[in-house]
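Written out below as structure tokens is the structure these notes cover.
Order of the sequence lines sets the chain letters (A, B, ...), proteins ahead of strands, with each chain counted from 1.
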Amino acid sequence: MTRIQSKFHELKQAGRKAFIPYLTAGDPDLATTAKLILSLAENGADIIELGVPFSDPMADGLVIQRASERALRHQVSVRDCLDLVKQVRLHSQVPIVLFSYLNPLLSLKALGQALREVGVDGVLATDLVPEEAGDYLAEMREANVDTIFLVAPTSPDARLKRVADCCTGFIYAVSRTGVTGVRQSLSQSANHLVHRVRRFTELPIAVGFGISTPEQVAAVWQHADAAVVGSRIVAEIENLEGHEHLVERIGALTRSLVGKP
Amino acid sequence: MENYHLPDEGGHFGIYGGRFVPETLMHPLDELTKAYDAAQRDPEFHTQLQHLLTTYVGRPTPLMFAAALTRHLGGARIYLKREDLCHTGAHKINNAIGQALLAKRMGKQRIIAETGAGQHGVASATVCALLGLECIVYMGTEDMRRQELNVFRMRLLGAQVVGVDAGSRTLKDAINEALRDWVTNVETTYYLLGSALGPHPYPAMVRDFQAVIGREARQQILAVEGRLPDLLIACVGGGSNAIGLFYEFIGADEVRMLGVEAGGRGLQSGDHAARFSGGKLGVLQGTRSYVLQDDNGQIALTHSISAGLDYSAVGPEHAYLRDAERVAYTSANDDEALAAFQLLAKLEGIIPALESEHAIAEVIKTAPHMAPDKIIVVNLSGRGDKDVNTVMPLVMNQ
């Protein structure tokens, strides 16, 4: 079992749902990202989605685009992200999923092995779909790294099945059509999608894109196994750039999102 | 190359092409592919398209013997395929009309497009005005500055031009923004992509709509010369005008083909858009091809005097044709393009687009080394009115 699979198993035994926050590696800098990961883990994160910055993040809204730009201002690479995970692993066993686009990931030779060695547990490339994933899947299976793919409200049943068959660890359901970013209200299409996906898989289902409040997290947990919050946290990191209590403040935000006192 | 039938069902040209998009777009791309296939089999669609190409675009465009340029260079006989005479001033409208008709068939009223030089944006805005469709054009703010006139033209035509202030503020960034719009509004919106790029079916569909250039050129050269040309030359940004000219001739092995990329300030400088010289295999904006990038897989910024060639990736079919050694690729730098701009204006009375001037720059290098009985057909993909503002200070400083 990977750390991700163990985590969902453990949560299920405890009758709990998972909280998955997203951070862009290197925003505002790599040392702070390491501290943020540990803080998130201590304050209610069950799994961390670690964004590898890319120059052309076509699936991301403005908040995460700007985070990528900030990270790329000091040339944060995939290798840096792996070094970061290696550092974190000295202190924490929190499951970590790399979240990026295919092109930066492909810059690493023997990607699967490299992820495995530093303790990355899963990987999601937003612009990779099962049709193009043959070699990638084989490589990740070989390295025992979970492969997470997106399903969307626009995916017909045949695609849901095809995507589910390629996933290990969990499936990531996009709450609504669109890019990442905070939304006022959680769309009904998310619940509907979760129920449709359930017919094709036993895997845990995470819902993300546009979830930003404790109420929305709780609402996602009614139907799905995990809630992903990205832009809300990244926006707070942006607002607090240079603030001496940045890490504590993000920890507090995490607690409030999961409904902890 | 005989029996050339690419792409395959998944949109692959060998190892290139395919679909690299967020899942949200996969089903819409399947639907687009189906709608396009159905349209292609429907004689009514072809009748509509042909009618507009004839009565609105002004096709067929002439194939003109460039007598003065031929005399000046003292080598091969040079013919210009005059896409600059298309309505709106460039080949881009061939594709824009085809896709806009398709959008109407699919019941989509909202059209989005990206543009670099502004020619595709103007073509899209024009066709949307004609067909009564809403049109939103994404354009990098650097390109808006360089192509101010085209921005104004689009707005006159009723389109909304949205400036994109990210990255290099050029074509690549405009495509990102158009993709973000599409993924958000996919139910109601048709993405009218302007070059032979992006996820399947775009590279094949854009090629097919542009292939009218080569079909006409073939008939026209046979009519005047009684044989096929020895060499075809076209500039390559994304590669739609080039594949449009080349496609008809892929099976005719005696016809050599040459694509010309933007050499910018020179290949050594790093400030260029010559993907085949400085790029490597990568995935950008939905397709796998040659991409200018750094060692960490971050997309490199490009430079060219011509906004239309200023793009980090090349259409996947070009990458395939290069590997197959069916088409050769070279580059011309800013200065060479500028010199060609002035030469063609003086000798032939034609002010071509800076993009097309990269092809003419290659003609200037190649034609003198070819025998006078050889024939070159060069795609003059657009006219240069839009570039006069860019060129004026450069020429005055010479």
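Chain A forms more heavy-atom pairs under 4.5 Å with one residue of B:Leu281, B:Leu25, B:Val283 than with any other, namely B:Val283. Between chain A and the options B:Asp30, B:Asp173, B:Val183, the largest number of non-hydrogen pairs under 4.5 Å is found for B:Val183.
In this structure, a donor-acceptor pair under 3.5 Å is absent between the side chains of A:Thr213 and A:Arg232. Residues A:Ser77 and A:Asp80 bring a donor and an acceptor atom of their side chains to less than 3.5 Å of each other.
For A:Phe8, the ring pair (Phe, Tyr, Trp, His ring centres under 6.0 Å) criterion is met by A:Phe170, not counting sequence neighbours.
Only the backbone of A:Val76 comes within less than 4.5 Å of a heavy atom in chain B; its side chain stays farther off. Using a 4.5 Å cut-off between heavy atoms, B:Ile175 does not touch chain A at all.
Using a 4.5 Å cut-off between non-hydrogen atoms, no part of residues 202-210 of chain A approaches chain B.
The distance from atom CZ of B:Arg169 to atom CG of B:Asp310, rounded to the nearest 0.5 Å, is 13.5 Å. Atom CG in A:Leu128 sits 10.5 Å away from atom CD in B:Glu23 (nearest 0.5 Å).
Classified by interplanar angle (parallel below 30°, tilted 30° to 60°, perpendicular above 60°), the ring pair A:Tyr172/A:Phe99 is tilted. Ring planes of B:Tyr329 and B:Phe276: tilted class, angle from 30 to 60°.
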